[in-house]
Amino acid sequence: MKLTDVYKDAIKRKYALGAFNFYNLESMKAILNAAEELKTPVILAVSESALKYFGFEFLKNAIKSARKTYTVPFFVHLDHGKDLDICKTAIKCGFDSVMIDASSLPFDENIKLTKSVVDFAHKKGIPVEAELGKLKGVEDDVNSTEALFTDPDEAVDFVKKTGIDSLAIAIGTSHGVNKFLGEAKIRIDILSKIEKKLKDFPLVLHGASSIPFEHIKKINSLGGNIKNAKGVPEDVLLEVSTKHNICKINVDSDLRIATTMAVREYLNNNTSEVDPRKYLKEAIKEMQNLVEHKIKDVFKTKNIKFLNY
Ligand code: G3H
Ligand code: 13P
Ligand code: ZN
């Protein structure tokens, strides 16, 4: 099964594939357990810093081993690669797809760098995602305080000149737990303009965690101090998955929050416990619940009869 075929199918039948970030065996297993349980293909995203945290050889073997262990199709994807070298490293590591994020560069330089990754990756049969516009907040090691929405005309030019397979757009979401100070504002109008101009082209939504209020409340009640937490409302995610050409939705913070909540809760209730397997098991369970909920109730990927799966 090729990711580009799944994207085509997602546009036709209106669903989005969840792209969940992982960085260790616990998060990797939680995402794959959820996908296997629901018989639903999933994207496992690895940031540059997560790749370093995992370690190249260890990750390469973990991916190989997961392909033997799980029957559900899954795609390992490089999230926010900053240059050609990291994309090459990811491909060597056994990734199925890469993102080159040159969105902090001027338009022409973004095109140039993105095109160089496309030229390399396509020769190896690997699809490429790129980004146009800027998300507010922290994008891996890049900080941007100003959101810059994607310009629909530039998007057409960018796709034509780079030959990318999918485009990450900026329509008001951002990374991390503090996405909005007041009401959540997502520019569906800009999304609609982009899809009108880029007919049937796979679009990607980053910064799409919902930052569940109940999870934050529990963390704070157990000694945490997370302020002004606000995420993307799930009805908006449901709308972009089922009525628009968003084919991939990125979730990282929600998994981090689920882990933090589970560990705090377990240790709070079991103050003499020192065995990490006990609390990490709870973390896996909470992450798996979250992934299953997103797939079933929000992205609507479950029950889609996948190509040959
Ligand atoms: O988009 C950014 C991701 O949430 C990755 O963050 O570099 O801390 O793993 P990270
Ligand atoms: P969140 O911080 O909203 O989970 O965003 C994740 C993301 O976009 C990863 O690329
Ligand atoms: Zn992102």
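Every number for a ligand or one of its atoms is a count from 1 in the order of the listing. All values reported here derive from a predicted model rather than from experimental measurement.
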Atoms in ligand 1 flagged as close to S49, the criterion being non-hydrogen separation under 4.0 Å: 7 (O), 8 (O), 9 (O), 10 (P)
R256, any N or O under 3.5 Å of ligand 1 N or O: yes
If you draw a 6.0 Å radius around NZ in K230, do more than 12 non-hydrogen atoms from other residues or ligands fall strictly inside? yes
Using a 3.5 Å cut-off on N/O to N/O, what pairs does ligand 2 make with the protein? A line per pair would be great.
unit_1   : atom_1 : unit_2 : atom_2 : d
ligand 2 : 2 (O)  : G176   : N      : 2.8
ligand 2 : 2 (O)  : S253   : OG     : 2.7
ligand 2 : 3 (O)  : K179   : NZ     : 2.5
ligand 2 : 3 (O)  : A208   : N      : 3.2
ligand 2 : 3 (O)  : S209   : N      : 3.0
ligand 2 : 4 (O)  : S209   : OG     : 2.6
ligand 2 : 4 (O)  : D252   : N      : 2.7
ligand 2 : 4 (O)  : S253   : N      : 2.7
ligand 2 : 5 (O)  : G207   : N      : 3.4
ligand 2 : 8 (O)  : H175   : NE2    : 2.9
ligand 2 : 8 (O)  : H206   : ND1    : 3.4
ligand 2 : 8 (O)  : G207   : N      : 2.8
ligand 2 : 10 (O) : D79    : OD1    : 3.0
ligand 2 : 10 (O) : D79    : OD2    : 2.6
ligand 2 : 10 (O) : H80    : NE2    : 3.2
ligand 2 : 10 (O) : H206   : ND1    : 3.1
ligand 2 : 10 (O) : N250   : ND2    : 3.1

Give a yes/no verdict on a cation-pi contact between K278 and Y266, requiring under 6.0 Å between NZ or CZ and the six-membered ring centre and an angle within 45° of the axis. no
Just jot down the ligand 1 atoms closer than 4.0 angstrom to any heavy atom of H80, in number order. 1 (O), 2 (C)
Just how far is it from atom NZ of K60 to atom CG of L51, taken to the nearest 0.5 Å? 12.0 Å
Is the CZ atom of F56 crowded by more than 12 outside heavy atoms at less than 6.0 Å? yes
Below a 4.0 angstrom heavy-atom separation, can you tell me which part of H206, side chain or backbone, both or neither, approaches ligand 1? neither
Evaluate the criterion salt bridge (charged side-chain N to carboxylate O under 4.0 Å, His left out) for residue pair D165 and K2; output intermediate values, then yes/no. CA-CA 12 Å; D165 303 279; K2 279 165 65 187; over 6 Å; no
List ligand 1 atoms under 4.0 Å from D79, heavy atoms only on the residue side. 1 (O), 3 (C)
Same cluster for L237 and F180 if Ile/Leu/Val/Met/Phe/Trp/Tyr side chains link at under 4.5 Å? yes
If you measure only the distance, is there a donor-acceptor pair under 3.5 Å linking the side chains of D119 and S116? no
With the Zn ion (ligand 3) at the center, what angle do NE2 from H175 and NE2 from H80 span, rounded to 10 degrees? 100°
Counting heavy atoms not belonging to K302, are there more than 12 under 6.0 Å from its NZ? yes
In H206, which N, O or S atom comes closest to the Zn ion (ligand 3)? ND1
For residues 3-41, pull every pair meeting ring pair (Phe, Tyr, Trp, His ring centres under 6.0 Å), keeping only residues two or more places apart or in separate chains. Y15-F306, F22-F54
Per-residue contact class, N250 against ligand 1 - non-hydrogen pairs under 4.0 Å: neither
Is any side-chain N of the basic residue among K82 and E48 closer than 4.0 Å to the acidic one's carboxylate O? no
Those atoms of ligand 1 less than 4.0 Å from some heavy atom in D252: 3 (C), 4 (O), 5 (C), 6 (O)
Please list, in number order, the atoms of ligand 1 under 4.0 Å from a heavy atom of H175. 1 (O), 2 (C)
Looking only at the side chains, is there a donor atom on one of T40 and K296 sitting less than 3.5 Å from an acceptor on the other? no
